[in-house]
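Accompanying notes for the structure given below.
Positions are given from 1 along the sequence.
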Amino acid sequence: MDPSKLRILIVDDQESVRELLSAVLTEDGHEVDCAHDGETGVRTVGEGFHDVVLLDIRMPKLDGVEALREIKEQSPGTAVIMMTAYASVETAVTTMKLGAFDYVTKPIDIDEVRAAIQRFTERSDDETPDEPDAEAGDDIVGVSRAWRETLDTAHRAAESDATILLLGESGTGKEVLAHEIHRASPRSSKPFVAVNCSAIPEGLLESELFGHERGAFTGAVKQKRGRFELADGGTAFLDEIGDMSEGLQAKLLRFLQDRTFQRVGGSRPMTVDVRVIAATNRDLEQDIRDGRFREDLFFRLNVVTITAPPLRERVDDIPPLVEHFLGAHAPRGSKPKKVSPKAMRTIMAYDWPGNVRELENAVQRAIVLSRGETIFPEHLPARVRAAAGGEGREDPATGRTMREVERDAIVRTLRETDGNRTHAAKILGISRRTLQNKIKEYDIDL
């Protein structure tokens, strides 16, 4: 990649923002395109590859979060940098989890935008061309008996070409298991292609799976290969299979019988060698009784069934998972943060109904909130702290005046943020001016 010349798409409903960024980035030597709303931006990405998309969050028709989902679905290699005047930790974490590379705040600071683009080019240059994605084995974290037994079943199933159905609650790691099955299989050198059946509109899912010919429908300006074709020789992972429409279930059933299909709008039968892994958090047997899922498709998928255990059944895995996420989400060039003993007890006291995904989100949020080297209970979500009761508090408030409690909270937070009053104010939920007044009122000298 030539970092001095990137193809950049600016998606923002404010003409002034588009004109400013376009002028500056063009002057920097980049090739710049613009779109005035989310729908146009998504369509533009579909028409040609862009290295970077600068994407506003608040837009009419299609907001930035939904546009981000569709852009990453169409072009996983494109770096999306979110732009928002409504910056918050929750928004940042949400967009990062959906695949955003970075985010900048409004009013636009050109130097901040340039820095985000520079971080992308530096990260891209660090990657070796044609280097395969990190093996899923890197994410296989766990020491509990329930998780090790699940992995053992997955490894034994990987040796065959049998279709596998992964069951379990949301966030239990079904996609991690699918990656691990592929990695441990004879197909590991071939592609692993995933598709979330619930994230793609019903009218487009058939095209995503089977591809389409040019002119097959409005907007089909060129031939497109489907996910099954792209996975030839490897593994196709169909996540949220229970959300697939009845009509498409019938077409999937026919494909599973002989691995033969036709592109949408095409007439030539095509055959691929693909191992299919499907996953769902739904009760498919109940869906069959309710008429929402085909029984014959269920039997085709259910050759080998593996259930991912919920996190509450593998509590021993929480500490190593926390350590793993601390390393995985450490800021670039920084050492992973540590978790205080009380914060870890707070984490262990929570049931984690969202399972591993919720735990990862909580750790990532804590990393963002904690400006020092250590994560304390106050950096964890309120629902997690509430589950721990008094255990999660650094100092009990019982027997102390409100002034003492407030002063102590300010002192601890200032120490945690190394005296950074802006960051401390954000954590405390007050303005910087209010914090300054409190420091003066309580005669705090750090």
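Side-chain contact annotation: N355 with T172, donor-acceptor N/O pair under 3.5 Å absent. For the residue pair S185 / S188, no side-chain donor-acceptor distance below 3.5 Å is found, with atom types taken as modelled. Side chains of N437 and T434: a donor-acceptor N/O pair is absent below 3.5 angstrom, by distance only.
In this structure, CD on Q249 lies 7.0 Å from OG on S245, to the nearest 0.5 angstrom. Put simply, CG on D317 and NE2 on H324 are 12.0 Å apart, with the number rounded to the nearest 0.5 Å. For the atom pair SG of C197 and CG of L252, the computed distance is 8.0 Å after rounding to the nearest 0.5 Å. Remark: I241 CD1 to R282 CZ distance equals 11.5 Å, nearest 0.5 Å. Summarising the geometry, atom CG belonging to N196 is positioned 7.0 Å from atom CD1 belonging to I200; distances are rounded to the nearest 0.5 Å. We find the CZ-CG distance between R69 and D63 to be 9.0 Å, quoted to the nearest 0.5 Å.
Here the side chains of I277 and L238 are not in contact, with every heavy-atom distance at 4.5 Å or above. With a 4.5 Å cut-off on side-chain heavy atoms, R300 and T163 do not count as touching. Looking only at side-chain heavy atoms (C-beta outward), I8 and D51 stay at 4.5 Å or farther from each other. With a 4.5 Å cut-off on side-chain heavy atoms, V52 and L9 do not count as touching. Counting only heavy atoms from C-beta outward, the side chains of L167 and T280 approach each other to under 4.5 Å. Side-chain contact between L435 and I410 is present, with heavy atoms from C-beta onward closer than 4.5 Å. At a threshold of 4.5 Å between non-hydrogen side-chain atoms, the residues M83 and L55 do not count as touching. Side-chain atoms of V195 and L209, non-hydrogen and from C-beta on, do get closer than 4.5 Å to each other.
Here the side chain of R275 pairs a donor or acceptor atom with the backbone of A162 at under 3.5 angstrom. Between the side chain of R407 and the backbone N or O of Y442 there is at least one donor-acceptor pair closer than 3.5 Å. Of the possible donor and acceptor atoms, one in the side chain of H30 sits under 3.5 Å from a partner among the backbone N and O of L6. With hydrogens and angles ignored, the 3.5 Å screen pairs a side-chain donor or acceptor of R385 with a backbone N or O of L380. A distance-only check finds no donor-acceptor pair linking the side chain of D13 to the backbone of D37 [under 3.5 Å]. In terms of modelled atom types and a separation under 3.5 Å, the side chain of T150 and the main chain of A146 share a donor-acceptor contact. The main-chain N or O of G233 is never found under 3.5 Å from a side-chain atom of D273 such that the two would form a donor-acceptor pair. Side-chain atoms of T346 come within 3.5 Å of backbone atoms of K342 as a donor-acceptor pair (strictly under, hydrogens ignored).
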Please step through side-chain contact (heavy atoms from CB on, under 4.5 Å) for the pair V141 and V356, ending with a clear verdict. CA-CA 11 Å; V141 179; V356 178; over 6 Å; no

Go through it in stages, so that I can follow the logic: the residues are I181 and L166, the test is side-chain contact (heavy atoms from CB on, under 4.5 Å), and I'd like the CA-CA distance, side-chain angles, deciding distance and then a yes or no. CA-CA 11 Å; I181 290 168; L166 300 177; 4.3 Å; yes

With side-chain contact (heavy atoms from CB on, under 4.5 Å) as the criterion, how do D33 and I10 come out once you've worked through the C-alpha distance, each side chain's angles and the decisive distance to 0.1 Å? CA-CA 6 Å; D33 297 316; I10 301 165; over 6 Å; no

Applying salt bridge (Lys or Arg N to Asp or Glu O under 4.0 Å) to K438 and E406, what does each step give before you reach the verdict? CA-CA 9 Å; K438 293 289 184 182; E406 184 176 56; 3.3 Å; yes

Criterion side chain to side chain donor-acceptor pair (under 3.5 Å) on Q14 and H36, from CA distance to verdict: CA-CA 7 Å; Q14 291 182 282; H36 63 279; over 6 Å; no

Are L165 and V304 close enough, and set up right, to give a side-chain contact (heavy atoms from CB on, under 4.5 Å), and what steps lead you there? CA-CA 6 Å; L165 180 61; V304 177; over 6 Å; no

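Nearest heavy-atom pair, I81 versus A116, reported as atom, atom and distance to 0.1 Å: CD1-CB, 3.8 Å. L359 and L321 make their closest contact through CD2-CB, 3.8 Å (heavy atoms, listed as atom of the first residue, atom of the second, distance). The two atoms that bring P336 and A330 nearest to each other are CA-CB, 4.0 Å, heavy atoms only. Across every non-hydrogen atom of V32 and S22, the tightest pair is CG1-OG, 3.8 Å. In plain terms, the two heavy atoms of A194 and R227 that are nearest each other are O-NH1, 2.6 Å. When every heavy atom of S340 is checked against every heavy atom of P377, the shortest pair comes out as OG-CD, 3.9 Å.
Using a 4.0 Å cut-off between charged side-chain N and carboxylate O, E360 and R357 make no salt bridge. With salt bridges taken as basic N to acidic carboxylate O contacts below 4.0 Å, one links K106 and D12. Salt bridge absent: D28 and K5 never bring a charged side-chain N and a carboxylate O closer than 4.0 Å. Salt bridge annotation for D239-K174: absent, with no cationic side-chain nitrogen under 4.0 angstrom from a carboxylate oxygen.
Note on residues 338-366: pairs passing ring-ring contact (aromatic ring centres under 6.0 Å, His included), not counting sequence neighbours, are Y350-W352. Pairs of residues two or more places apart, or lying in two chains, that qualify as ring-ring contact (aromatic ring centres under 6.0 Å, His included) and include a residue from residues 187-208 are H179-F192, H182-F192. For residues 152-169, the set of pairs meeting the salt bridge (Lys or Arg N to Asp or Glu O under 4.0 Å) definition, not counting sequence neighbours, comprises D152-R156, D161-R187, E169-R312.
Applying the side chain to side chain contact (heavy atoms under 4.5 Å, CB included) criterion to R145, with sequence neighbours excluded, gives E149. By the ring-ring contact (aromatic ring centres under 6.0 Å, His included) test, F293 is found to be paired with no residue, residues two or more places apart in sequence or in another chain being considered. When the ring-ring contact (aromatic ring centres under 6.0 Å, His included) test is applied to F237, no partner is found at least two apart in sequence or on another chain.
Within 6.0 Å of CD in E313 there are more than 12 heavy atoms belonging to other residues, nucleotides or ligands. Within 6.0 Å of NZ in K190 there are 12 or fewer heavy atoms belonging to other residues, nucleotides or ligands. Within 6.0 Å of atom CG in D351, 12 or fewer heavy atoms from other residues, nucleotides or ligands are found, so the atom counts as exposed in its surroundings.
Both tests pass for R259 against the ring of F255: distance under 6.0 Å to the centre and angle within 45° of the axis.
Checking E206, E208, E229 one by one against K224, the salt bridge (Lys or Arg N to Asp or Glu O under 4.0 Å) holds for a single residue, E208.
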